[in-house]
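The next block holds one structure in the form of structure tokens; read it before the comments.
Note on naming: letters A, B, ... go to the chains in the order of the sequence lines (proteins, then strands), and numbering restarts at 1 for each one. Because the structure is predicted, anything quoted here is derived from the model rather than measured. Below, each value reflects all heavy atoms present in this structure, side chains not excepted, and no hydrogens, waters or symmetry copies.
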2 protein chains.
Amino acid sequence: MAMSFEAGFKVLVVEDDPLIAEDLRILLCDNGYSVVVAHAKGEAVMHLTANKPDLVLLDINLGGGSTGVDIARWINANHPIPFIYLTSYADQTTLQQAKDTHPSAYLLKPFTGPDIKVSIEIALSNFYDSSATSPGLFDISILNSYLDSPLSEREIEILNGLNQGLSNKGLADNLFISENTVKSHLKSIFEKLNVKSRTEAIVRIRQLPLD
Amino acid sequence: MAMSFEAGFKVLVVEDDPLIAEDLRILLCDNGYSVVVAHAKGEAVMHLTANKPDLVLLDINLGGGSTGVDIARWINANHPIPFIYLTSYADQTTLQQAKDTHPSAYLLKPFTGPDIKVSIEIALSNFYDSSATSPGLFDISILNSYLDSPLSEREIEILNGLNQGLSNKGLADNLFISENTVKSHLKSIFEKLNVKSRTEAIVRIRQLPLD
DNA sequence: ACCAAACTCATACTTTTGGGTGATTTTTTT
DNA sequence: AAAAAAATCACCCAAAAGTATGAGTTTGGT
């Protein structure tokens, strides 16, 4: 099944350098992807929620405060889709942080057109084929069908964060709420899942046939 | 006496070559399966009825009259459980016959430990899809192949416990060691996995292509 | 016999989690 | 508009988890 992912796939490029961004845009367009470009985290998040792209190319070294890793974490917690890091260098700390966000690929500049194309193809097919390995979003309706009392949307978001191994602090930062609020949500989540700890919660939901 | 987390799945190996049979037996035992070996059809059928294994590994080219396909047909007709073909070559006729018996997998020699483990896991989970799936033991060698410094056996045991959502107390009770010892092990596990908490550890290992 | 690695455990301390209670603000539904 | 549900947050307390350090005991290999 040599399926092609080119037709109609939306790619979000997050790159603060306008020259590289434009290069990428042209390259991707030439390959049949529809492309949106963002230059900063806020813009990226906006496009992610509004346009729901199928894949993201992330410059890991964005100017300003937030980095590609921040965006990756946001993606994992809120809107899990495959993303590929683009970077000009790799220091160990950044690399480890990057790895922890489970990117589909990690391309070191200078990369070629074929590099990107192949990486995108692989990323897309891996992500949308194997439901088992993807630490994906939980379908709220399916998940709730197993529970006595249903989880709210926010609770699902928290649960997704848990499932990525985030701490309470991490959850709070990701969702822009206080740690106390996270605890509050967690408490009801635990009740509803009938578990007593975050680890039990993870085990519980992962053993469910959600895929 | 080591393992406290056996999956308890019984595997029947049907293989006329004693060397390969023994290799398989060891490999499977190491992965926590209990293993029975048969060398011919009659013996196989005997074990199938008497021991009721959960899965069968079938050499497709048995010496003598009957083949693995014959046994597969018997299984389908009399005692439907998942089975996997093992074969050194694939001629078209045999292959087609084999396909018609709806095997769970078809492994070409030379196959590796991971090959078999993965195929078995998939076969079992597909076949017994419902609830109490095996808590998924980790293959120490596979897991270690991803790590800079390898986990010891004891550490793997702890990790398996973590993966089931056990608390430190729970781990200590299960392994008959003190909670302090558990913490001690946990500390080195976290270092080796390069994580900072049990939840991160779980996420980390589950994201690996081990099961 | 000796060494190294693995396993064991303790004590003390810090940080993170989880539980309980209660309250305010949105949002949604009736 | 009133009621209900969801989301937000605070404060306090207790339990669990994690860190640091040091040390005794097995076990396997040279």
Run the side chain to side chain contact (heavy atoms under 4.5 Å, CB included) test against B/H39 and tell me which residues pass, sequence neighbours left out.
B/V37, B/E43
Once you round to the nearest 0.5 Å, how far does CG of B/L193 lie from CG of B/L159?
6.0 Å
Students often get this wrong, so: under 4.0 angstrom with heavy atoms, is A/T181 touching a base, only sugar-phosphate, or nothing?
base
Between CG of B/L175 and P of C/dC9 the distance, given in whole Å, is 10 Å
Whole-Å gap separating C1' (D/dG28) and CZ (B/R154):
17 Å
Atom pair distance, as rounded to whole Å: CD1 in A/I158 and P in C/dT17
13 Å
What protein N or O atoms touch nucleotides 27-30 of chain C N or O atoms at under 3.5 angstrom, if any, and at what distances?
none

Quick one: B/I156 CD1 to C/dA6 P, roughly how many Å, whole number?
12 Å
How do B/N180 and B/P150 order along DNA chain C: which one's closest nucleotide is nearer the 5' end?
B/P150
At a cut-off of 3.5 Å, list every protein nitrogen or oxygen paired with a nitrogen or oxygen from nucleotides 13-20 of chain D, distance to 0.1 Å.
| residue | atom | partner | partner atom | Å |
| --- | --- | --- | --- | --- |
| D/dA17 | OP2 | B/N168 | N | 3.1 |
| D/dG18 | OP1 | B/R198 | N | 2.8 |
| D/dG18 | OP2 | B/R198 | NH1 | 2.7 |
| D/dG18 | N7 | B/K183 | NZ | 3.3 |
| D/dG18 | O6 | B/K183 | NZ | 2.8 |

What is the distance, to the nearest angstrom, from the CG atom on A/L171 to the P atom on C/dG18?
10 Å
Inter-residue atom distance A/Y33.OH - A/L24.CG, 0.5 Å rounding:
13.0 Å
Does D/dA7 have OP1 or OP2 under 4.0 Å away from a side-chain N or O of A/S152?
yes
Please round to the nearest 0.5 Å and tell me the distance separating atom CG of B/L55 and atom NZ of B/K10.
12.5 Å
Between the NZ atom in A/K187 and the NE2 atom in A/H185, the distance rounded to the nearest 0.5 Å is 13.0 Å
Answer yes if the side chains of A/R204 and A/N194 hold a donor-acceptor pair under 3.5 Å, and no otherwise.
no
Give the rounded distance in Å between these two atoms: NE2 of A/H185 and P of D/dA10.
13 Å
Here the gap from B/I202 atom CD1 to B/R198 atom CZ, rounded to the nearest 0.5 Å, amounts to 7.5 Å
Roughly how many Å is it from CG in B/L151 to C1' in C/dA5, rounded to a whole number?
14 Å
Testing A/V35, A/I75, A/L48 for side-chain contact (heavy atoms from CB on, under 4.5 Å) with A/P53, which one passes?
A/L48
From the list A/N160, A/T181, A/L166, side-chain contact (heavy atoms from CB on, under 4.5 Å) partner of A/L171 resolves to A/L166
For A/E200 and C/dG19, what is the distance between atoms CD and C1' respectively, to the nearest whole Å?
15 Å
